[in-house]
Structures are given as C-alpha cells and as structure tokens.
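The shown structure was predicted, so the numbers you read here are calculated from the model rather than taken from an experiment. The chains referred to below are lettered A, B, ... by the order of the sequence lines, with proteins before strands, and numbering in each begins at 1.
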Amino acid sequence: MFENILLGFATAFTPENLAYCFLGVFLGTFIGVLPGLGSLAAISMLLPLTFYLEPTTALIMLGGIYYGGEYGGSIASILLNLPGTPSAAVTCLDGNPMAKQGRAGVALFITAIASFIGGSVGIVALMGFGPSIARLGLGFSPADYFALMLLGLVAAVTVGGGSVIKGLIMVVLGLLFGTIGTDVTTGDFRYTFDFLELRDGVSLVGMAMGLFGVSEVISSIRGSKTRTITEKVTARSMIPTRADIRKTFGPIARGSSIGGFLGALPGAGTVIAAFMAYATEVRLAKDKTRFGNGAIEGVAAPESANNAAAQTAFIPTLTIGIPGSATMSIMLGALMIHGISPGPLLISDHPTVFWGLIASFWIGNVFLLVLNIPLIGLWVRVLQFPYKYIYPVVIALICIGVFSMRTSVFDVSLVVIFGALGYLFQKTGYSPAPLILGFVLGPMLEENLRRAMLMARGDPVRMVSDPLTGSLLAISALMLVWAVLGGIRNIVAVRSKAKSVPLGEG
Amino acid sequence: MKTVSLRLVVAALLAGIGLTALVVGSTYDLGSARRMGPGYFPVVLSAVLVLLALAEGVSAIVKRDPENPSSKVDWRPLLAILSAVAGFAITIAFFGLIPAFFVVIGLSTLSERGYGWKPAVILSIITCIGAWLLFSQLLGMALPLFRLGL
Amino acid sequence: MPSFHWNKIRRTLAAGVIGGLAAVSAGAAMAEDYPTRPITMVVGFPPGGSTDVVARILAGHMATTLGQPVLVENRPGAGGTVGISHVAASAPDGYTLGVSGVGASILIDALGRDSGYDIDNDLDVIGVMGTLGLVIVGRNGLESQTLPELMEYAKANPEALTYGSSGVGTPGHLAMEYLKSLAGVDMLHIPYKGNTPLLNDVVGGHVDIAMLTTPGAAEHVRAENIQPFAVSSPDRSSLMPDVPTVIEGGFEGYTATLWNLLVAPKGTPADVQAKLSDALNEAMKDIRVVGEFATKGLAPTITSPAEATQFLADERTKWKSVIKTAGVTKK
C-alpha cells in the first residue's frame with residue numbers, strides 16, 4: 001500500500017507530467033469560467049489534445065482539466081450567478097449573495113480551500129478503501145437508487161430557503177421537464193411536439209443559463225447604477241476572518257464526508273452530494289434565514305462535498321470499470337484509446353497508471369490551490385467594471401456558450417423561455433436550484449422506479465421490504481413531513497405576527 | 001397588491017403548465033404499476049404540479065406579503081434582454097457569429113435609457129475579437145463567423 | 001466541443017489556415033486530384049465511445065494512404081442519427097463522410113422512428129468498418145453453467161429470469177429477443193440507458209443475464225465478476241476464445257453482430273468512392289490496425305462499395321424479421 005503510493009508519486013512527479021497537470025488545471029479553469037461550459041465541456045473539448053500523450057500523462061492532464069473545470073464553474077457561479085452544473089447551482093445560492101455584499105474574494109478563497117480539503121478527503125478514501133467502497137456501491141439495486149434519489153429531492157425542497165410549497169413546485173416542475181424527450185424504457189417520445197431537438201431532452205445548460213444567468217442580469221440592471229461594489233482588492237480583503245474560518249470548519253468536514261460517500265455511487269451520487277451537504281447545513285443551523293443571503297457555510301459545504309464526490313466518483317470508474325458520470329465515461333474512453341482496458345483488474349494490471357493517477361489527483365488539487373488563490377484578485381476585479389459594460393458581454397457569452405454545446409439554435413431559443421420563467425420565479429420567491437436537481441434526477445428516478453417495479457414483478461411491498469430501500473424511503477418521508485410541518489408552523493407564526501405588527505415581516 | 005397579483009399570475013402559469021402536461025400526457029400509454037408506460041410518471045407529476053400550484057395560489061390570496069418594490073416587473077430590461085437572446089439565435093442561423101454578436105449586444109444595451117451606440121459598438125467589437133480568439137483559435141471550434149442563408 | 005463544426009465554414013477556415021491558394025481551387029478541382037484538402041469523418045457518438053474509437057483507428061491509417069488529414073468530428077445525438085443526417089445533407093464531394101452503425105443504418109428506421117434521412121436514397125455506402133460480437137453473460141451465482149442449461153431453465157420457469165439491455169430497440173435487446181424466439185423461452189426484459197448502468201447491475205447481481213459487447217464484458221469475465229455463456233458472432237471472439245458461440249450451443253443460424261459502415265452523401269463520384277474504398281481496405285490490412293482491432297474485439301472486414309451495400313441489405317432483412325418476430329415497434 002505504502003510503496004504503491006510512493007510509486008504513484010514517483011510516476012506523477014516527472015517534469016512532463018507536472019507540466020501537463022498544470023496545463024490541464026489552467027485550461028480547465030479557463031473554460032469552466034465561461035458561462036455554460038463546465039468540466040464536462042472542458043474535458044470533451046480538450047480530449048483530442050491528449051490522444052498523443054502517454055496514457056498516464058494523458059489521464060493526469062484530463063484529471064487536471066476536470067478539477068479546473070469544476071473550480072472555474074464555481075468562479076462563474078459566485079461572481080455572476082452563472083452555474084453550468086447542478087452542484088454549481090447550489091454554490092450560487094450563497095456564493096452570489098456574498099459577491100453582491102462585496103465578499104467575492106472571501107467566497108472564492110473559501111471555495112478553493114473547501115475544494116482542496118474535500119478533494120483530499122476523497123483521495124484518501126479512494127486510496128484506502130476504493131475496492132470495498134466500490135463493492136458497497138454495486139450492492140445498490142434499482143430500488144435503492146430510486147429511494148436515494150427521492151431522498152436527494154426531498155433534501156432539495158429545503159434548499160433555496162423559500163416556502164415548502166414553492167420548493168416542492170420547483171422539484172416537481174424540474175421532474176416534469178426531465179420527462180421531455182425519449183422515454184428510456186419504451187423508446188417513445190414524450191412532449192417533443194415534433195421537435196427533433198427535444199428528442200434528447202431539454203439542454204441542461206440552456207435551462208440553467210436562462211433560469212440563473214439571464215434572469216439575474218435582467219433583475220440586476222435596474223439596481224446597477226446604485227450598486228457599486230466597494231471591494232478593495234487587497235490580499236487582506238480576500239482572506240477570510242477568524243470567524244469565517246470557525247464557521248466553515250464543521251461544514252467542510254461534514255460536506256467532505258457526505259460527498260465522499262455519495263460520490264462512490266454511480267450516477268446519482270455526484271449530482272445530489274452538493275444538495276445533501278447544503279440541506280444538512282440548513283438543518284443544523286440555528287438561524288436558517290442566513291442561508292440564501294450570503295452564508296459562508298452555504299458555500300463551504302457544497303463545494304467540499306462536490307469535490308470529495310468528484311474524487312470518489314473515480315472509485316467505481318477505476319476499481320470496477322463502471323463510470324459514474326458522463327465525465328467518467330470520457331475518461332474511460334481515453335484509457336481505451338491508449339490501449340488500456342478499464343476494468344476490475346486495472347489496479348493489478350496497470351499499477352503505474354492507477355497510482356500515478358491518484359497521486360496526480362492530489363497534485364492537481366495542490367496546483368488548483370496554488371494557481372487560483374493568486375488569481376482571486378483578478379476575478380474579483382471583473383466585478384469592479386461598471387455593470388453597464390459587463391452585462392451585454394455576459395449575455396453574449398451565454399448565447400455563444402449555449403450555442404456551441406450542440407451547435408444548436410434551438411437551445412439558444414430555450415434560453416429565452418427559461419430566462420422569462422426564471423425572472424418570474426425570482427420575482428416571486430421561487431429558487432431555481434431545486435428545479436435543476438429535479439430535472440437532472442428526474443429521468444434517473446423514473447428509470448429506476450420502473451426498473452425496480454419490473455424486478456419486483458409489480459409488487460410495491462416486495463420493493464419496499466428491502467431493508468436499505470425501506471429505510472431510505474422512511475427517512476425521505478420523515479424529512480418531508482418535518483419540512484411540511486415546519487412550513488405550516490411558519491405560516492401560523494407569520495400570520496399571528498402579521499396580526500400583532502402589521503406588515504412587520506422582512 | 002402588486003406582489004399578490006404577480007404571485008397569483010405565476011401560480012396560475014404553473015397550474016397551466018401542469019394542466020397542459022396532464023392533457024398531453026394522458027394521450028401516452030399509462031401502463032400498469034408493474035410495467036409502467038411512458039405516460040405514468042408524467043401524468044402523476046403534472047397532477048401533483050396542478051395541485052401544488054393551486055395550493056400556492058390559495059396561499060398567495062390568503063397570506064399577503066408586504067408590498068415590496070423589488071417585486072415589480074421591470075419590463076424594459078426584461079424585453080430587451082430576451083429579445084437580445086432571441087436576436088442572437090435568429091442572426092447566427094442566417095448570418096453567422098459576428099453579426100449575431102452585434103445584435104445581441106446592441107439589443108442588450110436597450111435595457112437602459114441613454115446607453116448610446118458608441119459603447120455598444122465598442123463592446124461588440126471587443127467581444128467578437130475575444131470570442132474569435134478563444135473559441136476559434138484556442139479551442140479549435142470552427143464557428144460560422146459569416147454566412148448567408150441557411 | 002472541438003468538433004461541432006459547420007463544414008462549409010470549417011473547410012474555408014481550415015483551408016485558409018493551411019494553404020490559401022489550394023483551397024480556392026479546391027471547389028473546381030478534378031476528382032482525380034482528390035483529395036486536395038482535409039476530409040471530415042462524422043461520428044454520431046461522443047468522443048471516447050466505441051464507434052469513435054473505431055473511426056479514429058481507421059481515420060489515422062486512411063489519412064496516410066490518401067495523403068490528407070482525415071479528421072474525426074463528433075456530432076452526437078438521437079442514437080447516432082444526428083451525425084448521419086448531417087452527412088446526408090452535405091455536399092457529395094467526398095470531403096464529408098459518416099460512420100453509421102446498426103442503429104443509424106437500420107434499427108431506428110425499422111422501428112418506425114424518423115431518422116431524418118433515408119439511407120438508400122440519401123447515402124452511398126463505401127465499405128464496412130469491421131464487425132463486433134456480443135456476448136451473453138450472467139450474474140455470478142446462476143446455477144446454469146452453459147447456454148443450453150440456461151435456456152432449459154428459462155423454458156421451465158417462464159419470466160423467472162430477468163435480462164437487461166442497453167435500451168429498447170438496441171442491438172443487445174433485439175439479439176436477445178431473437179434468441180428468445182429461437183429457444184421458445186420467456187424472460188423479463190429490463191431496459192437500461194446505455195451499457196454502463198446495465199453492466200453495473202449484472203456485476204452487482206440485480207439482473208440475471210445481459211447481452212454485452214465483447215470488449216465491454218471481457219475484463220469483467222476475466223475478473224470473474226460475471227460468467228460468459230456464449231458469443232453471438234458466427235466465430236469465437238479473439239477476446240474470449242474459450243467461450244462457445246451461440247451456434248455451438250445448438251441454435252443453428254444464430255448470429256448478431258454490431259458493425260459500422262463508412263458512408264458518403266448520395267452522388268459522390270464513383271472514382272472518389274473507389275479511392276475511399278481502397279484506403280479503407282488498405283487500413284484493414286495494416287498490421288497495426290489489425291492488432292488494435294484484435295485487442296478491442298473487432299473483426300476486420302474487406303469490402304467493395306457494392307459488397308458493403310449488399311451487406312447492408314442482408315442485415316436489414318435479418319433485423320427486420322427479428323423486430324417482427326419480437327413484436328418491438330413503436331406504437
């Protein structure tokens with residue numbers, strides 16, 4: 001074990017590998033910052049560059065691109081409310097308010113630290129318990145996955161801070177949007193209205209850019225003349241205060257563990273990790289109203305969870321050869337192009353590849369930290385331009401970003417629809433983050449439910465009687481009841497308050 | 001009052017989406033609990049959405065929020081930005097990337113009174129050069145800079 | 001992604017960068033000079049997938065024969081049909097080619113879904129780009145050890161066994177339905193979205209059997225995560241020579257293979273087609289290509305355009321009858 005780790009570092013620490021790792025992190029961050037382009041886009045764009053490298057070097061570079069892309073996505077989310085992935089949508093919730101309060105530097109700093117710690121925890125889990133965690137993940141049946149995703153969705157209802165009904169509406173609407181396209185189980189088209197483009201479903205990026213980016217721009221324009229961000233770009237202003245650090249310690253620890261565990265489950269894990277971590281912090285917080293208004297815990301927890309999950313997502317990919325996400329499939333494809341058959345025997349057949357990769361994951365995380373902390377000042381300066389000159393460019397970049405994903409004019413027109421919807425939602429207190437999660441999980445949820453019911457031969461009792469499925473479903477039900485009761489209590493409290501002090505809220 | 005009515009409008013809109021999905025979805029095969037058809041999940045979801053939207057509508061009437069200036073619709077930026085995005089979509093389909101950038105930025109700047117055409121043109125030029133360098137040169141995506149017709 | 005290009009523009013751009021003058025005359029150039037500029041090979045699946053890998057191996061070698069780069073361009077979507085309909089709509093000048101698999105060439109159309117093109121009228125078939133066998137695997141702990149035993153068990157216990165596929169109307173699904181009808185058994189079909197979650201559930205023991213591609217299953221068979229029953233190709237697979245074929249298991253005439261066709265827009269000049277066909281066949285004979293094919297479980301094929309067109313017609317007849325027997329069509 002120990003000599004394996006040494007072998008890994010010996011492999012990764014060649015000047016060539018270090019250089020490609022650095023290049024990967026740099027390019028990944030750069031692409032990730034662009035609206036609509038996340039780590040998946042970064043990896044697929046740059047994959048052909050790695051075809052001519054040594055297999056280990058190629059994977060090291062791809063790993064760097066991956067982290068860079070994830071971090072770059074967080075930068076865009078915090079500064080301009082432009083998330084490209086569901087987990088970045090969670091970062092927006094408190095990260096963007098922080099930026100509006102002139103604390104963008106702190107938010108970015110905490111993001112870098114939380115990502116680093118989360119990533120490191122994930123790497124330790126990957127090194128120490130990879131194969132056993134993978135076995136655990138394999139034991140999850142379709143019914144278990146269904147129950148787990150339901151739990152994630154219930155957690156999402158509480159994310160966003162609005163009322164429970166609004167949270168539920170957003171989740172259900174997201175699930176409904178998720179049914180647009182080709183039905184996996186039968187191959188029928190649903191809600192495609194004869195649009196060829198809708199057969200593969202609504203574009204996630206187009207939807208996220210409309211709901212978050214475009215609606216944010218529209219509502220920021222009015223206030224932009226009065227809004228001046230008086231953030232001093234000194235090293236001091238970027239460093240979190242002692243109080244900030246104390247507040248983030250727990251969230252980072254919890255986020256890393258939650259993310260580390262969920263990431264190892266193929267498919268659903270990496271998507272719900274950030275939501276679960278965020279929901280946990282909201283649950284634990286004494287003052288829940290701070291969330292959504294720039295709570296630093298709301299940035300630290302999802303970011304650490306997201307990065308821990310990003311690492312442990314490699315567990316099924318590398319130890320059993322089953323990729324956990326679209327990004328992981330591309331990484332496996334890269335292995336195949338280099339003549340390495342990814343599979344359960346990868347670790348024993350190609351120890352240099354496996355351990356070199358793990359070592360470089362960690363090196364990549366270090367690079368991310370080293371590269372990005374000095375750059376925070378630069379990113380924050382973006383906000384110092386008058387908003388007047390920023391927003392037209394942001395809108396133009398959103399358009400080109402969405403367009404370039406599938407060279408699709410149709411996707412750009414979706415941005416118009418979702419921009420209008422997002423603006424209305426924002427004005428009336430709906431948070432789009434649960435919608436995004438519902439949208440991403442919806443097809444998986446339905447697929448697994450239908451599969452589970454087929455396997456249980458249509459007997460729901462048989463499905464629920466599995467101990468794991470049953471307990472996950474029970475937890476979801478409890479959480480939902482708890483949230484609804486809380487919501488009712490809230491209404492009662494507000495009404496009685498409203499009676500005594502007219503218009504006393506807010 | 002304004003707040004309540006906007007909340008109601010959105011609740012009605014959501015109920016409308018749910019109802020449409022319900023009507024369209026009910027034409028799909030429902031299947032059985034064992035072998036759920038493609039219609040099962042959408043129908044259940046849209047029914048739930050309609051119910052939730054109705055509940056939200058009722059709560060918008062019962063539980064009035066205090067009036068809040070930030071919850072008024074700003075029509076000018078809303079229409080300007082949305083038409084900028086739509087304009088981009090149309091222009092890139094027929095004329096290519098560079099004209100599309102001028103259209104999107106030009107229409108965006110209509111969000112504010114008295115933006116002036118000079119900064120808009122300068123911004124467009126900068127964006128075009130930047131995007132060309134970035135997407136076409138660095139990332140190797142050959143985007144259609146200029147084209148005519150489909 | 002780097003390859004989402006609009007061809008016309010991309011050609012002008014590429015040409016501009018590579019060598020201005022040559023490009024200007026390219027439009028008017030004679031077919032005997034072909035090719036005078038880079039050729040695009042469109043793949044309807046994302047980079048790194050099995051189709052993409054095949055395309056890249058062959059494109060690399062064809063480029064050396066043709067003396068011009070052959071660039072693989074990924075236009076994924078709708079089971080590969082997005083890429084192929086782009087090829088169908090391109091100019092028939094030999095500079096835009098497509099890689100069309102079983103789904104895009106036959107199944108999507110045979111299942112009654114609109115693909116946006118008609119392969120016979122909109123495309124010319126240049127050649128077959130190798131074939132790939134499937135393998136029937138079972139989860140660990142199944143009592144049956146051989147295909148006949150398995151089928152006997154399934155016959156005695158209708159719907160007791162579950163089988164997974166990577167989706168309705170995919171070759172794996174139809175090939176299993178084909179076997180079911182030959183063996184006269186009933187098993188419960190559980191569809192998945194792609195190979196990955198399917199593999200996960202066979203290895204995890206949640207679904208009993210599945211039909212996987214040989215390279216996708218080989219490593220798991222070697223690690224004894226799953227047990228192989230039979231391969232669907234007419235001959236045993238280079239990746240698992242110990243595994244018998246379905247025919248050896250007593251099901252006469254059973255074959256089901258995956259393949260890709262190299263296609264070009266209809267009306268591509270015959271001499272251009274001949275040049276492309278020669279380059280493809282040249283690649284199939286190359287020792288390095290043969291070696292790479294073997295490690296990926298692919299069987300090389302050497303075909304003339306006419307033979308490839310006949311191959312397509314034969315395959316279509318077979319799959320159409322499978323679809324009819326199995327009763328899988330879009331309602």
Is the shortest distance from a Lys or Arg side-chain nitrogen in A:Asp194 or A:Arg199 to a carboxylate oxygen in the other one below 4.0 Å?
->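 No, no charged N to carboxylate O under 4.0 Å.
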Do A:Glu216 and A:Lys100 meet the salt-bridge criterion of a basic N to acidic O distance under 4.0 Å?
->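 Yes, charged N to carboxylate O under 4.0 Å.
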Could you go through the side-chain hydrogen bond (donor to acceptor under 3.5 Å, both in side chains) check for A:Arg190 and A:Thr182 one step at a time?
-> CA-CA 6 Å; A:Arg190 295 188 297 196; A:Thr182 310; over 6 Å; no
Could you check which of A:Leu176, A:Ile417, A:Ile165 has the highest count of heavy-atom pairs closer than 4.5 Å to chain B?
->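 Option with the top pair count is A:Leu176.
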Largest heavy-atom contact set with chain B, pairs under 4.5 Å, which of A:Cys399, A:Gly458, A:Gly442 =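 Maximum pair count with chain B is reached by A:Cys399.
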Structural part of [X] lying under 4.5 Å from a heavy atom of chain B:
X        : value
A:Val416 : both
A:Ile398 : neither
A:Tyr389 : both
A:Tyr430 : side chain

Under 4.5 Å, counting heavy-atom pairs only, tell me which of [options] racks up the most with chain A.
options                               : result
B:Thr20, B:Leu78, B:Ile126            : B:Leu78
B:Gly106, B:Gly37, B:Ala100, B:Ala120 : B:Gly37
B:Val24, B:Leu45, B:Val48             : B:Leu45
B:Ile81, B:Leu51, B:Ile17, B:Asp74    : B:Asp74
B:Ala55, B:Gly25, B:Ser83             : B:Gly25

Given a strict heavy-atom distance threshold of 4.5 Å, which part of [X] is in contact with chain A: side chain, backbone, both, or neither?
X        : value
B:Thr127 : side chain
B:Leu14  : side chain
B:Leu13  : side chain
B:Pro42  : both
B:Tyr40  : neither

Do A:Phe189 and A:Phe195 make the cut of ring centroids closer than 6.0 angstrom?
->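 No, ring centres 6.0 Å or more apart.
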From CA spacing to verdict: side-chain hydrogen bond (donor to acceptor under 3.5 Å, both in side chains), B:Glu112, A:Tyr387 = CA-CA 12 Å; B:Glu112 287 174 280; A:Tyr387 196 65; over 6 Å; no
How far apart are the C-alpha atoms of B:Glu56 and B:Arg7, what are their side-chain angles, what is the distance that settles it, and do they pass the side chain to side chain contact (heavy atoms under 4.5 Å, CB included) test?
-> CA-CA 8 Å; B:Glu56 164 66 12; B:Arg7 261 186 83 187; 3.1 Å; yes
Can you establish whether the number of heavy atoms outside A:Tyr191 located under 6.0 Å from its atom OH is more than 12?
->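 Check passes, neighbour count above 12.
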Heavy-atom pair of closest approach, residues A:Val412 and A:Val402 =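 Result for this residue pair: N-CG1, 4.1 Å.
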Does the ring pair (Phe, Tyr, Trp, His ring centres under 6.0 Å) test come out yes or no for A:Phe418 and A:Phe177, once each step is laid out?
-> CA-CA 11 Å; A:Phe418 284 108; A:Phe177 280 136; 5.3 Å; yes
